Chemist: 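Structure in structure tokens, see below.
Atom set for the values below is all heavy atoms of this structure, side chains included, hydrogens, waters and symmetry mates excluded. Just follow the structure's listing: the first ligand is 1, and inside any ligand the first atom is 1. Please read these numbers as outputs of a predicted model, since none were measured by experiment.
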Amino acid sequence: MKIRNLAALALGLALASCSGETQSPAEPRQPGPPPVQVNVPAFNPDSAYRYVAEQVAFGPRVPNTPAHDSCAAYLAAKLASFGAEVVVQRATVQAWDGTPLRIQNIVGQFQPEKASRLLLFAHWDTRPYADEDADASRRQEPILGANDGASGVGVLLEMARLLGQTPTSLGVDIIFFDAEDYGNPTASDMESWCLGSAHWARQPHKAGYRARNGILLDMVGGHGATFTQESYSLEYAPDMVRKFWRAASDLGYSGYFPVVETRFVGIDDHVPVSEIAGIPSINIIQFNPENGGFGSFWHTHDDDMDAVSKTTLEAVGRSLARVVYSEQ
Ligand code: AHN
Ligand code: ZN
């Protein structure tokens with residue numbers, strides 16, 4: 001035990017001594033040891049933004065609609081084109097209002113032979129109603145979900161492009177969960193909100209599937225977004241929360257990622273992945289406790305491409321890439 005600790009200390013010192021990356025002068029990094037040098041391929045924000053726009057161009061991606069089917073085919077083909085081994089998990093699940101939903105969870109596996117793995121995920125479906133819209137006459141219409149749906153997927157597709165070119169130490173799986181935004185407007189419950197992820201968590205694409213950690217991206221493109229440390233994430237995977245916020249800080253993104261805990265953000269896909277599948281997961285989600293919570297676009301018709309910032313996609317994508325390529 002003692003020798004192991006000494007070895008870890010020596011390794012820590014060795015890594016800490018070869019700091020390399022420069023920091024942004026505008027946003028000083030948080031105090032602590034200097035950043036560690038890791039070779040991270042360049043996350044391209046233009047590419048991520050294009051993947052967001054391509055999804056939004058299908059229109060709302062609500063289960064049981066043709067646009068939903070077309071977008072599913074696009075996402076699976078995209079992952080395959082980057083070299084992932086793709087599995088599409090199809091099922092019919094029941095929405096809270098009784099509607100049977102034909103869902104597709106889309107899984108892209110990189111280096112599937114590796115035992116040590118990381119799981120990256122986002123929901124790809126969009127909400128069937130704009131229940132938060134100021135215009136009551138349009139609250140029954142589905143939303144475009146540029147942020148709430150397409151942004152997380154867009155960042156992960158760009159991540160997939162990098163994974164296809166530059167292998168990581170760990171194997172990586174990317175899952176686009178379906179039917180995560182069909183929830184009961186008057187309840188924050190796993191049963192109505194997390195249909196795709198709960199289905200997968202009970203019945204993963206591979207029996208006995210394990211991953212060291214999971215990272216969920218949800219609404220990661222808002223202009224001037226802040227990503228606070230959500231309390232379920234801190235409960236399930238505090239080390240990964242710290243790693244992610246540290247990576248962001250090392251890159252000069254502390255403005256986007258303040259070290260602030262927020263409670264009651266709501267149930268999200270990381271809850272079933274952590275609790276049912278047993279994979280400790282964090283949620284990177286726009287939430288500002290001083291400003292009403294989620295962005296003003298949330299569950300409204302304002303959630304279109306105008307609500308998406310390339311700079312925010314870049315801050316999240318670069319931080320994520322740094323975490324994924326640092327993990328040994
Ligand atoms: C609730 O608001 C119940 N959960 C947050 C999960 C969510 C919905 N994220 C985007 N849309
Ligand atoms: Zn939503």
Chemist: Is there a donor-acceptor contact under 3.5 Å from the side chain of Q229 to the main chain of V259?
Modeler: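 Looks like no, no N/O pair under 3.5 Å.
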Chemist: For atom 10 (C) of ligand 1, find the nearest protein heavy atom and state the residue, atom name and distance (0.1 Å precision).
Modeler: D148 OD1, 3.1 Å
Chemist: On the 0 to 90° scale, with breaks at 30° and 60°, tag the Y236-H270 ring pair as parallel, tilted or perpendicular.
Modeler: perpendicular
Chemist: Using atom types as modelled and distance alone, determine if a side-chain donor or acceptor of E180 lies under 3.5 Å from a backbone N or O of G196.
Modeler: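 Side chain of E180 to backbone of G196: a pair is present.
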Chemist: So, using ring pair (Phe, Tyr, Trp, His ring centres under 6.0 Å) as the criterion, who are the partners of Y325 when residues are at least two apart?
Modeler: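 Not a single residue meets the ring pair (Phe, Tyr, Trp, His ring centres under 6.0 Å) criterion with Y325.
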Chemist: Less than 2.8 Å away from the Zn ion (ligand 2), how many protein N/O/S atoms can be counted, ignoring water?
Modeler: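 Considering protein N, O and S only, the Zn ion (ligand 2) has 4 within range.
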Chemist: Mind checking whether Y182 and Y129 have parallel, tilted or perpendicular rings, split at 30° and 60°?
Modeler: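 Taking Y129 first and then Y182, their aromatic rings stand perpendicular (interplane angle over 60°).
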Chemist: Below 30° counts as parallel, above 60° as perpendicular, anything between as tilted: where do the rings of H299 and W193 land?
Modeler: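 The arrangement is parallel - the two ring planes meet at less than 30°.
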Chemist: Under 4.0 Å from a heavy atom of D181: give me the atoms of ligand 1 that qualify, with their elements.
Modeler: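 Contacts of ligand 1 toward D181, numbered from 1: 8 (C), 11 (N).
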Chemist: Look at atom 2 (O) of ligand 1 and say which protein heavy atom is nearest, naming residue and atom and giving the distance to 0.1 Å.
Modeler: W298 CZ2, 3.6 Å
Chemist: Contact between H299 and ligand 1, counting heavy atoms under 4.0 Å?
Modeler: yes
Chemist: Can you list the atoms of ligand 1 that are under 4.0 Å from a heavy atom of D268?
Modeler: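 Every atom of ligand 1 under 4.0 Å from some heavy atom of D268: 6 (C), 9 (N).
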Chemist: Does the plane of the ring in Y253 sit parallel, tilted or perpendicular to the ring in Y256? Use 30° and 60° as the thresholds.
Modeler: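 Answer is perpendicular, since the angle exceeds 60°.
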Chemist: Which atoms of ligand 1 sit under 4.0 Å from any heavy atom of D218?
Modeler: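 Ligand 1 atoms under the 4.0 Å threshold to D218: 7 (C), 9 (N), 10 (C).
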Chemist: Please report which non-hydrogen protein atom sits nearest to atom 1 (C) of ligand 1, along with the residue it belongs to and the distance in Å to one decimal place.
Modeler: I267 O, 4.1 Å
Chemist: In terms of the angle between their ring planes, are W124 and H68 parallel, tilted or perpendicular, with boundaries placed at 30° and 60°?
Modeler: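 Aromatic pair W124/H68 classed parallel.
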Chemist: Any donor and acceptor pair, going by atom type alone, linking the side chain of T228 with main-chain N or O of V260 inside 3.5 Å?
Modeler: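 Checked: no pair found.
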Chemist: Might you confirm whether atom CZ of R102 has over 12 heavy atoms from other residues, nucleotides or ligands at distances under 6.0 Å?
Modeler: no
Chemist: Of the side chain and backbone of M219, name the one, both, or neither that has a heavy atom under 4.0 Å from an atom of ligand 1.
Modeler: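 The answer is the side chain.
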